[in-house]
Amino acid sequence: MPGLPEVETVRRTILPHVVGRRIVRVDVRETRLRRPIAPDFAHRLVGRRIHGVARRAKYLVLDVGDGLLWIVHLGMSGRFCVGEPPGDLPHVHVVVDLEAGGRLYFRDPRRFGLMLLARDERDLGIVGVEPLEAEFSPHFLWQTTRRHRRTSIKSLLMDQRRIAGLGNIYANEALFAAGIRPTRRSGKLTRAESERLVGAVREVLERAIASRGSSLLDYRDADGNEGEFQRLLAVYERDGEPCRRCGEPIKRGVTTGRSTFYCPRCQR
DNA sequence: AACGCGCCCTGTCCGC
DNA sequence: TGCGGACAGGGCGCGT
């Protein structure tokens, strides 16, 4: 469910509730996530203080001191919430009590999420560049398209080994904003288009973060609030509806197994 | 090597 | 109303 803007929104929402607080109890109710939660997870976390909350790609990285990192990934259906989970709420896999009555819980019906402790975020094996950092430059993108000429530009944008954090919604939206058809072979991108696309990715992500993410089915931030960006989506899940720019009906297709939306007139 | 596909899992929606 | 199938925002392992 959550893409980079949603994860960034969750990071900002939990921050004031957790920073500086000590973890007093960890209740692991279900270990079977994408990878099993380690048997010593709770034991290692209890008693530690949360010093900060960072984000790397779509991963939340909580600094719990002594170089130890508490890593949380929300997968497709994960939520990381502040407060008491309703007693009858299913799929609440982890509950963390903080000192002075604060509480966090992790809920993930599909169990594609991840919860682990690591010494180094490099243990996650994320090698792609952050799309909101300077390293994601027009030159970088153009060079990447020259190394992977045959794949579609949308697959390349979503390949976490190259660019880490861009998911299906925002790849579609950025390609619309840049006027590039998602199925275009990467090798056919011009330098000018690479530059436009980098700008479009940045702008789309920043606008989505400013709107606190997109709530399509059931995304909520850690305080339970919906995002607003779904109302501003130009193409995602708008197949058959008129393009906001030219009025042409938005088309839907499938690229490398994922739904792809584009305007046949604005995107070439 | 690099790419695309299928799978992990539950919930929802749609057509019959 | 019930049921089967398609699909969902992510990521990984495998086969080609």
Task: Distance test, side-chain N/O of A/T151 to OP1/OP2 of B/dG4, below 4.0 Å - done: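 Checking B/dG4 against A/T151, a side-chain N or O does come within under 4.0 Å of OP1 or OP2.
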Open item on the list: Let's see if you can work this out: which of C/dG10, B/dA2, C/dA8 has an atom nearest to the side-chain heavy atoms of A/H148?
Closed with: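 When the side chain of A/H148 is considered, B/dA2 is the closest of C/dG10, B/dA2, C/dA8.
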TODO: Figure out the NE2/P separation between A/H91 and B/dT12, and round it to whole Å.
DONE: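 Whole-Å distance recorded here is 9 Å.
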Task: Whole-Å distance separating the CZ atom of A/R34 from the C1' atom of B/dT10 - done: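 Between C1' of B/dT10 and CZ of A/R34: 17 Å.
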Task: Whole-Å gap separating P (C/dG10) and OH (A/Y236) - done: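 Distance, rounded to whole Å: 8 Å.
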Open item on the list: Measuring only the P atom in each nucleotide, how far is C/dC14 from B/dC9? A whole number of Å is fine.
Closed with: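 These two P atoms come out 16 Å apart once rounded.
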Open item on the list: Less than 4.0 angstrom from a charged side-chain N to a carboxylate O is my criterion; do A/E8 and A/R12 meet it?
Closed with: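 Here A/E8 pairs with A/R12 in a salt bridge, since their nearest N and O are under 4.0 Å apart.
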Task: Distance between P atoms of B/dC7 and C/dG5 (Å, rounded) - done: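 Nearest-Å result for B/dC7 against C/dG5 at atom P: 14 Å.
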Open item on the list: Taking the P atom in each of B/dC5 and C/dC7, what is the distance between them to the nearest angstrom?
Closed with: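 About 14 Å, rounded to a whole number of Å.
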TODO: Give me the residues of residues 105-128 of chain A where at least one heavy atom lies under 4.0 Å from an atom of DNA chain B, by number, or none.
DONE: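 DNA chain B contact set from residues 105-128 of chain A: A/P109, A/R110, A/R111, A/F112.
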Open item on the list: Just the rounded figure in Å: distance from P of B/dG4 to CE of A/M158.
Closed with: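 So the CE-P distance, A/M158 to B/dG4, works out to 12 Å.
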TODO: Nearest whole angstrom, please: distance from the C1' of C/dG10 to the CG of A/L157.
DONE: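 After rounding, the reported distance stands at 16 Å.
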Open item on the list: Tell me the interatomic distance from A/Y59, atom OH, to C/dG11, atom P, rounded to whole angstroms.
Closed with: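 Answer to the nearest Å: 6 Å.
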Task: Interatomic distance where CE belongs to A/M76 and P belongs to C/dC7 [whole Å] - done: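 Going from CE in A/M76 over to P in C/dC7 covers 13 Å.
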Task: Parallel, tilted or perpendicular: rings of A/H93 and A/F106 (30°, 60°) - done: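 Correct class here is tilted.
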Task: Range-with-range stems of DNA chain B (Watson-Crick or G-U pairs under 3.5 Å, three or more in a row) - done: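 Stem list for DNA chain B: B:2-8 with C:10-16, B:10-16 with C:2-8.
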Mind listing the N/O atom pairs, protein and nucleotides 13-16 of chain C, below 3.5 Å?
none

Open item on the list: Please tell me if A/R252 has a side-chain N or O lying less than 4.0 Å from either OP1 or OP2 of C/dA8.
Closed with: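 Yes, because at least one side-chain N or O of A/R252 sits under 4.0 Å from OP1 or OP2 of C/dA8.
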Task: A/T255 side chain to A/T183 side chain, donor-acceptor N/O pair below 3.5 angstrom - done: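 Side-chain D/A pair, A/T255 to A/T183: absent.
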- [ ] Please determine if a side-chain N or O atom of A/Y170 lies less than 4.0 Å away from the OP1 or OP2 oxygen of C/dG9.
- [x]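 For C/dG9, OP1/OP2 do not have a side-chain N/O of A/Y170 under 4.0 Å.
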Task: DNA chain B: 5'-proximal contact among A/R258 and A/S155 (nearest heavy atom) - done: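 Per heavy-atom nearest nucleotide, the more 5' residue is A/S155.
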